[in-house]
2 protein chains.
Amino acid sequence: MVRARSEERRADILRAALEVIAERGYRGATLGSVAERVGLTQQGLLHYYPTKEALLVAVLEERDRWDTSGGRDREGWRLDLMESLVEYNAMRPGIVQTFSALLGESVTDGHPAREFFTERYTQVRASMADTLRQEFGDRLPGGLTPERAAPLVTAVMDGLQYQWLLDPSAVDMPGAFRDFVRLLYGSDAPA
Amino acid sequence: MVRARSEERRADILRAALEVIAERGYRGATLGSVAERVGLTQQGLLHYYPTKEALLVAVLEERDRWDTSGGRDREGWRLDLMESLVEYNAMRPGIVQTFSALLGESVTDGHPAREFFTERYTQVRASMADTLRQEFGDRLPGGLTPERAAPLVTAVMDGLQYQWLLDPSAVDMPGAFRDFVRLLYGSDAPA
DNA sequence: CGTCACCTACCGATCTACAGGTAGGTGGGT
DNA sequence: ACCCACCTACCTGTAGATCGGTAGGTGACG
């Protein structure tokens, strides 16, 4: 059962890293503070993840696994699932904060998460377009194509997160997202 | 003309700070690298802005002056001006990158720009709601109120910026924003 | 006219504080 | 006996900030 213990440690470390990144971003995060949170020394942590960047990569990979399993389908998301995803996010400000902070940093030059987010967006847009095509066909009610609407859906989700993180009481994130989806359906909308 | 020289220096420093923050974010930016860009030592820079945070504040204040002058009206923006603003931004990736990086960092705990962005969004949403009310009255074509649509417009602008910064060739930012505005007008849209 | 007081705009040296990473252990479990 | 999971000790680099200058200018006054 040593293997199990080790895997457990790794999971703990990733959880702690997620928290620390949420609080201070990747650049602001220190190995020491992550280690402390799992009851290790900084060097003990380096035993599991040999560099700070390796730890970040592990965090991103876990995220990747997460979004490739739940919430998503082989052929993409479904629109009603997107709404639940936003609701789910609204209950997990920590995770949202982690990835919003990372996204923000990632636009800077040579940031280790930059490639991750770039590729992720490419995929997300593509699968979003699929989703929209399944839902609406080649033309959405407003006259847009799925490919042109996809970046908008994505943008709304991300943009709302920042507003919500900064001032949760000022923005009803899930409600606002539903409003946007209704907009996609046009004025001739369903319930 | 000593005064003028000094003011010029300060302006140069702010320009340099903007660049460095775009490249590395606030946390990643160093006083030394800003100083170097204006031909000063770090200590020389501290003569003008006594702390790193003071420099950031100056950058944010300048931004504030900028937003409060151009692009905006006493009673808020106008929708067509918003479209031009997005076009303008698309020609200035540096500035967009600076403020996107700062926004991302600002969601972390105790970040010196947090309050700035929180308040800024409050104002932006309010003046956006005014704009929408002037344009559409109390109900937008899709059935939304101006207050509920305002966060969406803001979210789209910000969200598109991240996608565009990460992969400019993948997203036509101004085009996508126009698509969104058309969505606001409903399927019964004008040209 | 000179010089004394004082200001602005810096620079060099240095302090303190971490931060990430390396080397070389030690101890318990199998 | 071995190795996995750590730890102690340590090194190196860097960042922000302070201290104490210096060079040049300005103005007031005898």
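Keep in mind the model is a prediction, meaning the values are calculated, not measured. No hydrogens, no waters, no symmetry mates; every other heavy atom, side chains included, goes into these values. All chains are named by letter (A, B, ...) in the order of the sequence lines, taking the proteins before the strands, and each is independently numbered beginning at 1.
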Mind checking salt bridge (charged side-chain N to carboxylate O under 4.0 Å, His left out) for R24(B) and listing every partner two or more places apart, or none if nothing turns up? none

Donor-acceptor under 3.5 Å (S106(A) side chain, A113(A) main chain): no

Are the side chain of E105(A) and the backbone of Y26(A) linked by a donor-acceptor contact shorter than 3.5 Å? yes

Who pairs with D109(B) by side-chain hydrogen bond (donor to acceptor under 3.5 Å, both in side chains), at least two apart in sequence or on another chain? Q97(A)

Residues forming a side-chain hydrogen bond (donor to acceptor under 3.5 Å, both in side chains) with D64(A), sequence neighbours excluded: none

Check DNA chain C against residues 10-41 of chain A and give the residues with a non-hydrogen atom under 4.0 Å, in numerical order. A29(A), T30(A), L31(A)

Heavy atoms within less than 4.0 Å of DNA chain C: which residues of residues 99-115 of chain B have one? Give them sorted by number. none

dT8(C), OP1 or OP2 - any side-chain N/O from R9(B) closer than 4.0 Å? no

In whole angstroms, how far is the [atom2] atom of [N] from the [atom1] atom of [X]?
| X | N | atom1 | atom2 | answer |
| --- | --- | --- | --- | --- |
| H47(B) | dA9(C) | NE2 | C1' | 5 Å |
| L45(B) | dT18(D) | CG | C1' | 15 Å |
| Y49(A) | dG21(C) | OH | C1' | 18 Å |
| Q43(A) | dC4(D) | CD | C1' | 17 Å |
| Q42(B) | dC10(C) | CD | P | 15 Å |
| K52(B) | dA15(D) | NZ | P | 9 Å |

Compare the minimum distances between each of dC6(D), dC10(C), dG21(C) and the side chain of Y48(B), then state the nucleotide with the smallest one. dC10(C)

From dA5(D), dA17(D), dT22(C), nucleotide with atom closest to L46(A) side chain: dT22(C)

Output every pair passing side chain to side chain donor-acceptor pair (under 3.5 Å) with a member in residues 47-57 of chain B, not counting sequence neighbours, ordered by first then second residue. none

Partners meeting ring pair (Phe, Tyr, Trp, His ring centres under 6.0 Å) with Y162(B) (sequence neighbours left out): Y162(A)

Show the atom names and distances, to 0.1 Å, of all donor-acceptor pairs under 3.5 Å that link a side chain in residues 80-90 of chain A to residues at least two apart or in another chain.
residue	atom	partner	partner atom	Å
S84(A)	OG	D80(A)	O	2.9
E87(A)	OE2	R178(A)	NH1	2.7
Y88(A)	OH	R92(A)	NE	3.3

Pairs of donor and acceptor atoms involving the side chains of residues 54-61 of chain B, under 3.5 Å and at least two apart or interchain, shall be tabulated with distances.
none

